[in-house]
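Lettering follows sequence order; numbering is per chain, from 1. This one's a predicted model, so the numbers in the text were calculated from it and none came from an experiment.
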Protein chains: 2
Amino acid sequence: MQNLAERMRAEGYRVTPQRMAILRVLLRGAHHPTAEDVYRQVAAQFPMMSLATVYKTLKVLGALGEITVLQMESRKHYDANATPHPHVICIKCHSIVDLPSAAMPELPEQMLAHTGFRILGYNLRVIGLCPKCQKQKQQEASTVNQRKENLE
Amino acid sequence: MQNLAERMRAEGYRVTPQRMAILRVLLRGAHHPTAEDVYRQVAAQFPMMSLATVYKTLKVLGALGEITVLQMESRKHYDANATPHPHVICIKCHSIVDLPSAAMPELPEQMLAHTGFRILGYNLRVIGLCPKCQKQKQQEASTVNQRKENLE
DNA sequence: ATAAATGCAAATGGTTTGCGTATGT
DNA sequence: ACATACGCAAACCATTTGCATTTAT
């Protein structure tokens with residue numbers, strides 16, 4: 001928490017009460033809140049907070065690698081192959097490639113047991129860089145570091 | 001394709017030219033089209049097609065289990081735990097439970113190799129029914145079958 | 001002092017819905 | 001004949017953006 005504040009400053013971000021409040025909610029953890037959830041919790045003790053700031057801050061924290069964002073893409077994709085199989089998705093161009101279902105690794109069942117869930121299946125999304133984007137990246141390799149622009 | 005037409009009728013759905021056209025696009029497969037993509041392809045030979053119909057049809061095909069829909073939820077969730085770890089998600093109430101990263105199974109590297117992707121990581125989302133929803137379902141067990149309502 | 005962050009409101013973009021008309025059964 | 005599907009336009013909802021104001025540095 002303190003370390004993060006310093007890291008933010010070091011990376012050129014400002015440490016504001018809003019950002020700390022949002023971070024505090026996230027560190028309470030355990031609930032995988034949506035932006036809306038975070039907003040409600042922060043607004044309770046911080047009435048001036050705006051939803052836009054929550055979104056902006058979440059983006060910053062994501063860029064800093066301090067939080068995980070579940071479910072990156074917003075658009076749905078449809079696949080005539082109805083049997084579950086893993087996908088490999090390019091982080092840059094979002095192209096999607098199928099893998100055979102045989103590529104599904106075994107789930108470590110015992111780790112799931114204590115959740116009490118009845119397991120129905122699973123979704124494996126491998127993240128990577130497609131061949132085309134790898135080449136592109138090499139060409140850009142000599143360019144300036146654009147960390148902040150990477151917020152996308 | 002023919003079988004599907006019959007299955008649709010058997011299940012009480014109508015077989016329309018639009019639906020067949022959409023299905024044909026999906027069966028061309030290989031590209032994991034978005035709704036928009038499907039629309040464009042179908043509209044090329046079927047100018048009257050509407051985007052709303054594409055969405056409605058995709059929903060029907062999904063309900064029939066004939067296609068896979070990638071990325072079900074639209075809302076993002078944030079997790080203060082930045083190290084990648086699998087999640088168990090309830091299909092009914094969408095509650096999310098963390099698993100320790102130790103639960104990450106080994107990826108079968110050789111299956112990925114031929115994709116040419118540079119693998120950066122992966123996302124494992126286990127789908128199931130949480131304990132609470134399991135109980136609820138048992139109580140509803142005696143109720144009428146509501147397949148079509150399950151479109152959600 | 002000044003560049004960056006905030007809060008507001010308007011815009012965006014994918015998806016859904018309501019409704020009157022057309023069509024498969 | 002009649003319920004279901006269609007096409008259109010409007011509605012929705014999460015997220016983003018522009019901009020004038022405030023604030024951390």
Side-chain angles (χ1 to χ4, degrees), chain A residues 2 4-23 32-40 42-43 45-64 67 69-78 94 147-152, chain B residues 2 4-23 32-40 42-43 45-64 67 69-78 94 147-152:
Chain A
Q2 295 296 25
L4 178 52
E6 271 155 50
R7 229 201 111 205
M8 286 179 68
R9 266 185 279 262
E11 302 264 352
Y13 294 104
R14 289 185 183 170
V15 178
T16 67
Q18 289 92 329
R19 286 177 173 175
M20 289 301 105
I22 290 168
L23 190 60
H32 303 83
T34 63
E36 207 37 71
D37 293 335
V38 172
Y39 172 67
R40 267 196 298 272
V42 175
Q45 289 138 357
F46 211 126
M48 287 282 267
M49 173 66 61
S50 91
L51 186 51
T53 297
V54 173
Y55 276 111
K56 287 167 185 166
T57 300
L58 290 171
K59 216 167 222 184
V60 169
L61 292 173
L64 283 167
I67 62 173
V69 181
L70 284 83
Q71 190 261 300
M72 315 294 291
E73 327 152 73
S74 66
R75 239 185 270 199
K76 291 177 187 168
H77 292 257
Y78 303 88
H94 301 123
R147 184 178 35 74
K148 283 197 183 178
E149 284 73 3
N150 260 12
L151 300 186
E152 148 174 341
Chain B
Q2 295 295 26
L4 177 54
E6 271 154 49
R7 230 200 109 205
M8 286 180 69
R9 266 186 279 263
E11 302 263 352
Y13 293 103
R14 288 187 184 166
V15 177
T16 67
Q18 288 92 330
R19 285 177 175 174
M20 289 301 103
I22 290 167
L23 190 60
H32 303 83
T34 63
E36 209 36 70
D37 293 335
V38 173
Y39 171 67
R40 267 197 297 272
V42 175
Q45 288 138 358
F46 210 127
M48 287 281 268
M49 173 65 62
S50 90
L51 186 52
T53 297
V54 172
Y55 276 112
K56 287 167 185 165
T57 300
L58 290 171
K59 217 168 220 182
V60 169
L61 292 173
L64 283 166
I67 61 173
V69 181
L70 284 83
Q71 192 261 302
M72 314 294 291
E73 328 153 71
S74 65
R75 237 183 271 199
K76 291 177 187 169
H77 292 257
Y78 302 87
H94 300 123
R147 184 179 33 77
K148 282 197 185 180
E149 284 75 3
N150 261 13
L151 298 188
E152 148 176 341

### Query
Tyr39(A) has an atom OH; how far is it from atom P of dT16(D), in whole Å?
17 Å
### Message
Could you work out, with side chain to side chain donor-acceptor pair (under 3.5 Å) as the rule, every residue matching Arg40(B), not counting sequence neighbours?
### Response
Asp37(B)
All N/O contacts under 3.5 Å from nucleotides 12-14 of chain C to the protein, with atom names and distances to one decimal?
{"residue": "dG14(C)", "atom": "OP1", "partner": "Arg75(A)", "partner atom": "NH2", "Å": "3.2"}

### Task
Please report how far the helix from dA1(C)-dT25(D) to dT25(C)-dA1(D) bends, comparing the axis fitted to its first five pairs with the axis fitted to its last five, to the nearest 10 degrees.
40°
### Message
Can you tell me if Lys59(B) touches the phosphate of dT16(C), counting only side-chain N or O atoms and a distance under 4.0 Å to OP1 or OP2?
### Response
yes
### Task
Quick one: closest heavy-atom pair of Thr53(B) and Ile22(B), and the distance?
O-CD1, 4.2 Å
### Task
Send over the distance from Met8(B) CE to dA3(D) C1', rounded to a whole Å.
15 Å
### Task
With sequence neighbours left out, write down each residue that passes side chain to side chain donor-acceptor pair (under 3.5 Å) with Arg9(A), or none if nothing qualifies.
none
### Task
Apply salt bridge (charged side-chain N to carboxylate O under 4.0 Å, His left out) to Arg14(A) and list each qualifying residue two or more places apart in sequence or on a separate chain.
none
### Query
Which atoms form the tightest heavy-atom contact between Leu64(A) and Arg7(A), and what is the distance?
O-NH1, 2.9 Å
### Summary
Comparing nearest nucleotides in DNA chain C, the 5'-proximal residue of the pair Tyr78(A), Met49(A) is Met49(A)
## Note on the structure
Between Ala52(B) and Arg19(B), whichever has its closest DNA chain D nucleotide further toward 5' is Arg19(B)
### Query
Which heavy atom in Val15(A) sits nearest to a heavy atom in Met8(A), and how many Å separate them?
CG2-CB, 4.2 Å
### Task
Mind calculating the distance between NZ (Lys56(A)) and P (dA14(D)) to the nearest angstrom?
18 Å
### Query
Taking CZ from Phe46(B) and P from dA5(D), how many angstroms apart are they, rounded to a whole number?
15 Å
### Task
Would you check if the side chain of His77(B) reaches a backbone N or O of His32(A) as a donor-acceptor pair within less than 3.5 Å?
yes
### Message
If you define the side chain from C-beta out and look only at heavy atoms, does anything of Glu36(B) sit under 4.5 Å from Leu51(B)?
### Response
yes
### Phosphate OP1/OP2 of dC8(D): any Ser50(B) side-chain N/O under 4.0 Å
no
### Query
Can you name the closest pair of heavy atoms from Leu58(B) and Ile67(B) and give their distance?
O-CD1, 3.7 Å
### Message
Base contacts versus sugar-phosphate-only contacts with protein, heavy atoms under 4.0 Å: please encode nucleotides 20-25 of chain D as B, S and - from 5' to 3'.
### Response
---BBS
### Message
Using whole Å, what does the distance between atom P of nucleotide dT25(C) and atom CD of Glu6(B) come to?
### Response
11 Å
### Query
Between Met48(A) and Leu51(B), who's closer to the 5' end of DNA chain C by nearest nucleotide?
Met48(A)
### Query
Looking at Ser50(A) and Tyr39(A), what are the two nearest heavy atoms and their distance?
C-CE1, 3.7 Å
